[in-house]
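Starting from 1, each residue takes its place in the sequence as its number.
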Amino acid sequence: MTSATIGGPAQVRTGHASTGARWLLIPPGLLLVLGLLGPVIVTVGVAIRDNGVVGTVTNPLAEPLVVKALWTTLWMALVVTAVAWVLGVALSLAIAMSPPWLSTTLFAILFATLWISLLVRTYGWLLVLQPNGALDQVGKATGLTTEGFGLFQTMPGLIPPMVHIMLPYMVLPIYGSIRQVDPAQLRAARSLGGSETRVLLRLVLPSLRAGSWAGVLLVFIMSLGFYVTPAFLGGPGSQVIATIIGIQFSRLDNLGMTAAIGTLLLIVVIALYLLA
């Protein structure tokens with residue numbers, strides 16, 4: 001008893017150290033440094049070396065095209081996040097309150113957007129939105145338009161595909177918050193005379209605050225740096241900051257400006273993250 005009393009707690013406190021578990025942190029730590037911090041450090045270093053952050057040679061804020069793309073990116077990310085939040089709350093509530101078979105079906109449809117390749121989903125939207133595409137054909141057949149909707153390579157045409165791609169990242173954290181709502185509270189609120197609308201506004205939505213903030217932050221930050229969908233479906237008037245970076249790097253081979261714009265986007269993302 002004495003040896004167990006004396007040795008037990010000490011062995012518990014030093015067990016992880018004696019087994020060498022701390023050494024297991026080295027591989028993921030190196031991966032984090034090399035895979036995440038390494039490229040960031042190189043990008044910032046190139047931006048400073050080429051006078052791209054504080055100077056005037058490749059200062060991104062001195063380029064009207066970059067400033068316009070930055071505002072376009074912020075506006076697009078804001079609209080996509082707002083629409084995705086509204087649809088995410090509605091879909092999360094539908095999944096949580098549906099019968100098991102319907103809830104499983106809705107989840108399968110939701111996860112299908114993650115399992116299918118991003119490039120395939122974007123190309124599918126391209127076939128829908130392109131001139132004389134599927135959407136224009138439906139509009140002409142129903143008499144809604146005679147010349148087509150003209151949504152291809154426009155901001156209104158870019159928002160629905162972005163929402164479609166970002167919706168799962170909004171639904172999952174919100175649904176996690178819904179799962180934590182006590183059904184007894186809902187029954188009590190209804191039994192005390194609360195209408196469905198009042199219960200939704202005063203009980204359900206406030207309970208989703210944590211999941212909503214997580215989804216909003218995730219979708220907004222991802223939308224700021226999204227490249228594939230805006231590159232395929234965006235036009236000259238709806239260029240976002242990611243497409244400007246792609247043009248500067250792949251077509252113009254301007255590493256200084258590319259690094260400067262990337263650093264600027266990184267600063268914006270970090271500032272928004274700290275604010276959130």
Side-chain angles (χ1 to χ4, degrees), residues 28 32 36 71-116 118 121-122 125 155-156 158-226 228-230 240 265-276:
L32 179 65
L36 179 62
W71 285 113
T72 302
T73 303
L74 292 174
W75 172 248
M76 180 203 68
L78 182 63
V79 174
V80 169
T81 303
V83 176
W85 180 80
V86 173
L87 296 179
V89 170
L91 183 56
S92 299
L93 291 173
I95 293 174
M97 299 179 181
S98 298
W101 68 269
L102 182 56
S103 177
T104 303
T105 303
L106 293 176
F107 250 129
I109 296 174
L110 179 68
F111 276 102
T113 62
L114 292 176
W115 295 332
I116 300 175
L118 171 63
R121 284 176 281 163
T122 302
W125 276 102
M155 183 57 67
L158 179 60
I159 297 298
M162 288 291 297
V163 172
H164 170 235
I165 292 171
M166 294 296 173
L167 189 59
Y169 303 101
M170 182 69 74
V171 170
L172 293 179
I174 294 178
Y175 180 74
S177 294
I178 292 179
R179 296 285 295 176
Q180 298 177 5
V181 177
D182 188 359
Q185 292 181 336
L186 301 178
R187 291 193 295 268
R190 293 288 288 146
S191 65
L192 292 175
S195 63
E196 293 183 356
T197 302
R198 189 174 181 84
V199 172
L200 177 64
L201 297 178
R202 299 294 298 274
L203 180 59
V204 177
L205 291 183
S207 301
L208 307 182
R209 186 177 293 111
S212 294
W213 274 114
V216 165
L217 181 63
L218 182 62
V219 170
F220 189 80
I221 289 181
M222 290 181 63
S223 298
L224 286 178
F226 217 74
V228 175
T229 304
V240 297
L265 181 60
L266 177 64
I267 293 173
V268 173
V269 169
I270 293 176
L272 292 173
Y273 178 78
L274 294 177
L275 179 63

*Nearest heavy-atom pair of Ala210 and Ser177: which atoms, and what distance?*
C-OG, 4.1 Å
*asked:* For the CG atom of Leu102 and the CG atom of Leu106, what is their distance to the nearest 0.5 Å?
replied: 4.5 Å
*Taking all non-hydrogen atoms of both residues, which atom of Tyr175 and which atom of Ser92 are closest, and how far apart?*
N-OG, 3.7 Å
*Do Ile165 and Thr122 come within less than 4.5 Å of each other through their side chains, counting heavy atoms only?*
yes
*Looking only at non-hydrogen atoms, find the nearest pair between Ala84 and Met170 and report the distance.*
O-CG, 3.4 Å
_Minimum heavy-atom distance between Leu114 and Tyr169, given as atom pair plus value_ = CD2-OH, 3.6 Å
*Check against side-chain contact (heavy atoms from CB on, under 4.5 Å), Val86 and Val83*: CA-CA 5 Å; Val86 173; Val83 176; 5.9 Å; no
*Leu167/Thr113 under side-chain contact (heavy atoms from CB on, under 4.5 Å): CA gap, chis, key distance, verdict*: CA-CA 9 Å; Leu167 189 59; Thr113 62; over 6 Å; no
*Can you name the one residue among Val171, Leu218, Val80 that meets side chain to side chain contact (heavy atoms under 4.5 Å, CB included) with Met166?*
Val80
*To the nearest 0.5 Å, tell me how far Trp213 CH2 sits from Leu217 CG.*
8.5 Å
*Flag if over 12 foreign heavy atoms under 6.0 Å of CZ, Phe107*: yes
*Side-chain (Ser103) to main-chain (Ile95) donor-acceptor, under 3.5 angstrom*: yes
*Specify the closest pair of heavy atoms between Arg121 and Ile116, including all atoms of both residues, with the distance to one decimal.*
NE-O, 3.1 Å
_For Val79 and Trp75: C-alpha separation, side-chain torsions, deciding distance, then whether side-chain contact (heavy atoms from CB on, under 4.5 Å) applies._
CA-CA 6 Å; Val79 174; Trp75 172 248; 3.6 Å; yes
*asked:* Go through it in stages, so that I can follow the logic: the residues are Thr229 and Trp125, the test is side-chain contact (heavy atoms from CB on, under 4.5 Å), and I'd like the CA-CA distance, side-chain angles, deciding distance and then a yes or no.
replied: CA-CA 9 Å; Thr229 304; Trp125 276 102; over 6 Å; no
*If you measure from CE on Met76 to OG on Ser223, what distance do you get to the nearest 0.5 Å?*
5.5 Å
*Heavy atoms only: give me the nearest Ile174-Trp85 pair and the separation to one decimal.*
CD1-CD1, 4.0 Å
